[in-house]
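Presented below is the structure to which this report refers.
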Amino acid sequence: MSSSSSHRRTSHTQRRVAAVALVGVSALLAAAVQSGAASAAPQKSSLGKINRGSLAVQLTPSQRAELIRDANAAKAATAKDLGLGAKEKLVARDVIKDADGTVHTRYERTYAGLPVLGGDLVVDTTKAGKTERVIKATRATLKVASLTPAVAASTAEKQALSVAKADGSKKTDADRAPRKVIWAANGTPTLAYETVVGGFQDDGTPNQLHVITDAATGKKLYEYQGIETGIGNTQYSGQVTLTTTQSGSNYTLTDGARGGHKTYNLNRGTSGTGTLFSQTSDTWGNGTTSNAATAGADAHYGAAETWDFYKNTFGRSGIKNNGVGAYSRVHYGNAYINAFWDDTCFCMTYGDGAGNADPLTALDVAGHEMSHGVTANTAGLNYSGESGGLNEATSDIFGTGVEFYANNASDPGDYLIGEKININGDGTPLRYMDKPSKDGGSADNWSSSVGGLDVHYSSGVANHFFYLLSEGSGAKVINGVSYNSPTADGLPVTGIGRDKALQIWYRALTTKFTSTTNYAAARTGTLAATGELYGTTSAEYTAVQNAWAAVKVGSRPGGGGTGTSFENTSDVSIPDNGPAVTSSIAVTGRTGNAPSNLLVDVDIVHTWRGDLVVDLLAPDGTVYPLKAFSSSDSADNVQETYTVNASSEVANGTWKLRVQDKAAQDTGYINSWKLTFP
């Protein structure tokens with residue numbers, strides 16, 4: 001007969017301890033087991049005067065399940081209240097409840113029984129059950145001309161395999177046969193096929209490529225990777241405590257205190273679960289790669305700290321907020337230099353790094369990967385384009401939060417990503433949150449081309465925003481690391497502290513973002529979250545506006561900028577799918593040419609900003625494009641500050657803002673615009 005205990009505390013010796021004289025190691029380990037002296041104390045929170053009624057309450061698994069059951073029971077009535085069509089149905093996927101009784105229910109949609117990709121929405125209801133707000137991934141009316149494809153499914157599969165091959169996969173058939181869907185994430189809803197191709201990517205990462213093909217024309221509409229990758233740090237966490245389970249004479253890396261999270265050894269394999277770490281001793285690893293359990297202990301510790309971070313910071317119980325743990329797999333492949341989250345197995349996987357010498361198992365790795373799971377089970381941000389950058393940045397943001405939360409003296413929190421793995425061969429970090437472009441590829445600021453970057457580079461905009469919101473601009477030293485964060489407009493940003501910034505980002509992710517959220521919509525969502533937490537007249541609200549403006553997303557309060565300004569506040573209606581309209585500003589009293597950093601503040605009220613093309617016209621008629629048409633840009637309004645190099649133009653004269661609506665079903669007007677000569 002075996003007995004079990006799921007709350008055993010045990011120690012893990014990291015490399016730092018390995019340098020201690022051998023005679024003292026066992027005594028040191030025993031002391032840690034008995035006293036728990038190595039436990040990292042979380043930082044004290046500094047949330048300020050926050051509206052606690054807008055903070056999420058910690059739901060038990062049964063309470064969450066009951067709320068989802070209630071939402072599904074009432075989904076037909078909810079669909080009717082929202083004015084959805086007869087062919088549309090809702091499926092409740094997630095729920096967040098605030099302390100004041102407000103419930104945020106996230107739904108997926110179907111149309112004539114087909115999944116609607118990009119049709120997700122969030123419905124906010126008051127304690128009294130009144131619908132207060134609806135946030136949709138698409139505002140387009142769900143309607144397609146026909147539900148009968150003109151293109152065979154085999155054509156879609158062939159296309160998907162071709163795309164996967166170009167990305168390095170050697171698969172010869174799809175893992176999932178093409179299924180009919182309604183593709184609504186890019187403008188007009190379209191009958192399409194979704195094909196998923198498995199196998200491996202060219203670096204050994206498992207492949208889960210989703211390809212969307214127009215069922216009428218065979219044109220590729222979209223592609224995104226279902227495996228979400230992210231590289232963290234091989235940290236020297238020192239001597240830490242782990243929660244394991246005893247069964248008979250053996251211990252296993254099973255954390256019964258955190259949803260049964262298990263850690264497995266793949267032993268260089270690339271498929272399956274592997275073998276659960278199990279041994280007769282409750283001391284795991286020896287701090288070197290010679291012992292396979294060292295990486296297992298690192299991963300187990302990182303998972304525990306991440307669980308505690310989410311629970312104690314946001315009241316979230318596990319990745320799905322249902323009290324169920326994921327699992328970790330270490331020693332994936334041979335010299336695999338990455339780590340990834342896979343929502344289909346609900347697991348994290350870590351490679352052992354170059355030469356199998358530095359397993360990528362550490363605090364911010366675990367935080368990063370598990371946060372991909374949180375994103376997948378909340379906003380579901382598409383892993384491509386601007387939404388993909390926001391997805392990746394969310395994992396960097398919360399991974400950084402985990403590192404600071406753990407408060408481990410051997411691994412102080414910082415705003416550097418991958419600073420210990422030496423992936424560049426010169427000791428530099430993989431990513432920098434204070435100035436992302438220092439890695440040679442990431443974007444410091446938003447531009448119309450950001451969505452075309454790899455998601456690990458387009459994430460720079462949100463990473464930079466988060467750093468500025470937390471710490472502010474300029475030079476400073478934090479935990480021994482020097483930072484010097486610039487702003488796109490040259491104006492300073494005062495930080496509000498990391499604790500507040502994390503609360504704002506989490507609330508926006510879980511109650512405001514959808515699968516298609518882009519940077520403009522992220523600004524709108526974080527401002528809404530800040531307004532609920534701190535009020536729209538608060539210093540925190542102003543700081544969010546300033547931090548976004550500092551990365552070229554929106555403008556500062558009052559338009560931002562210093563110098564001489566010229567403004568037109570007269571409304572100009574924008575015809576729906578009609579001819580372009582203009583609004584003029586006469587610039588006088590200037591000498592010489594316009595500057596290379598002419599600021600153009602634009603405030604356009606519109607129900608679908610993606611339809612709009614916005615240009616600045618110089619006095620001589622030269623056109624400076626500000627915003628292009630984008631069928632995937634589903635946010636409301638255009639409230640942006642653009643920087644234009646107009647140094648070849650004479651400053652004085654009549655400048656014009658030209659706006660054209662290039663698609664039907666949406667209305668709006670130019671509210672105001674301003675030129676600022678710094």
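- Between Thr78 and Leu90, the shortest heavy-atom distance links the atoms CG2-CD1, 3.9 Å.
- Ring geometry for Phe465 against Trp548 counts as parallel: the plane angle stays under 30°, on a 0 to 90° scale with 60° as the upper cut.
- Tested against Thr102, the residues Lys97, Glu132, Lys127 include a single side chain to side chain contact (heavy atoms under 4.5 Å, CB included) partner, Glu132.
- Contact detail for Ala522 and Phe513: the closest heavy-atom pair is CA-CE2, 3.7 Å.
- Residues satisfying the ring-ring contact (aromatic ring centres under 6.0 Å, His included) criterion with Tyr350, sequence neighbours excluded, are absent altogether.
- Under the rule for a side chain to side chain donor-acceptor pair (under 3.5 Å), Gln639 has no partner lying at least two apart in sequence or in another chain.
- Within the 4.5 Å cutoff, the side chain of Tyr107 has heavy atoms near those of the Val123 side chain.
- The shortest heavy-atom contact between Thr494 and Ala543 is O-CB, 4.1 Å.
- Between Phe398 and Tyr310, the ring centre distance stays below 6.0 Å.
- The backbone N or O of Ala549 lies less than 3.5 Å from no partner atom in the side chain of Arg556, so there is not a single donor-acceptor pair.
- Ring planes of His372 and His368: perpendicular class, angle over 60° (limits at 30 and 60°).
- Here the closest non-hydrogen pair linking Ala303 and Ser328 is CB-OG, 4.5 Å.
- Asn72 meets the side chain to side chain donor-acceptor pair (under 3.5 Å) test with no other residue; sequence neighbours excluded.
- Between the side chain of Thr126 and the backbone N or O of Lys130 there is at least one donor-acceptor pair closer than 3.5 Å.
- Residue His104 holds its NE2 atom at 7.5 Å from CD1 of Ile96, rounded to the nearest 0.5 Å.
- Taking OG1 of Thr375 as the start and CG of Leu381 as the end, the distance is 6.0 Å to the nearest 0.5 Å.
- Put simply, the side chain of Ser371 never gets that close to the backbone of Val374: no donor and acceptor are under 3.5 Å apart.
- Checking side-chain atoms of Arg106 against main-chain N and O of Thr510 turns up a donor-acceptor pair under 3.5 Å.
- Using a distance-only test at 3.5 Å, with no hydrogens or angles considered, no donor-acceptor pair links the side chain of Glu386 to the main chain of Asn518.
- In this structure, His261 contributes its side chain and Ala326 its backbone to a donor-acceptor pair below 3.5 Å.
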Asp396 vs Asn463, test: side-chain hydrogen bond (donor to acceptor under 3.5 Å, both in side chains). Steps then yes/no. CA-CA 7 Å; Asp396 281 349; Asn463 280 343; 3.0 Å; yes
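- Between Ile496 and Leu469, some side-chain heavy-atom pair lies under the 4.5 Å cut-off.
- Remark: Lys320 is positioned above the aromatic ring of Phe346, its terminal NZ or CZ atom under 6.0 angstrom from the ring centre and at most 45 degrees off the axis.
- Here the side chain of Asp439 pairs a donor or acceptor atom with the backbone of Ser442 at under 3.5 angstrom.
- You'll find the side chain of Ser54 stays beyond 4.5 Å of the side chain of Tyr534, heavy atoms only.
- Of the possible donor and acceptor atoms, one in the side chain of Asp444 sits under 3.5 Å from a partner among the backbone N and O of Ser437.
- The list of salt bridge (charged side-chain N to carboxylate O under 4.0 Å, His left out) pairs with a residue in residues 536-545, not counting sequence neighbours, reads Lys500-Glu540.
- Checked by atom type and distance alone, the side chain of Thr524 pairs as donor or acceptor with a backbone atom of Ala520 at under 3.5 Å.
- Electrostatic pairing of Glu532 and Arg133 counts as a salt bridge here, judged by a charged N lying under 4.0 Å from a carboxylate O.
- The environment of CZ in Phe314 is crowded: more than 12 heavy-atom neighbours from other residues, nucleotides or ligands sit within 6.0 Å.
- Within 6.0 Å of CZ in Arg52 there are 12 or fewer heavy atoms belonging to other residues, nucleotides or ligands.
- In this structure, Val134 and Leu82 have side chains that are in contact, with non-hydrogen atoms separated by less than 4.5 Å.
- Panel note: side chain Thr516, backbone Ala137; a donor-acceptor pair is recorded below 3.5 Å.
- Ring geometry for Tyr415 against Tyr483 counts as perpendicular: the plane angle is over 60°, on a 0 to 90° scale with 30° as the lower cut.
- Considering every non-hydrogen atom in both Val402 and Gly367, the closest pair reads CG2-CA, 3.9 Å.
- Closest approach of Thr243 and Arg258 over heavy atoms only: OG1-NH1, 3.2 Å.
- Comment: Glu108 does not engage Lys75 in a salt bridge, judged by the lack of any side-chain N to carboxylate O separation of less than 4.0 angstrom.
- Among the candidates Lys552, Arg609, Arg523, the single residue satisfying the salt bridge (charged side-chain N to carboxylate O under 4.0 Å, His left out) test with Glu640 is Arg609.
- Here salt bridge (charged side-chain N to carboxylate O under 4.0 Å, His left out) pairs that include residues 476-485, with residues two or more places apart or in two chains, number zero.
- Separation of atoms OG1 (Thr313) and CG (Asp308) is listed at 9.5 Å; rounding is to 0.5 Å.
- A distance of 5.5 Å separates CZ in Phe466 from CD1 in Ile397, rounded to the nearest 0.5 Å.
- Remark: Thr511 engages no residue in a side chain to side chain donor-acceptor pair (under 3.5 Å) (not counting sequence neighbours).
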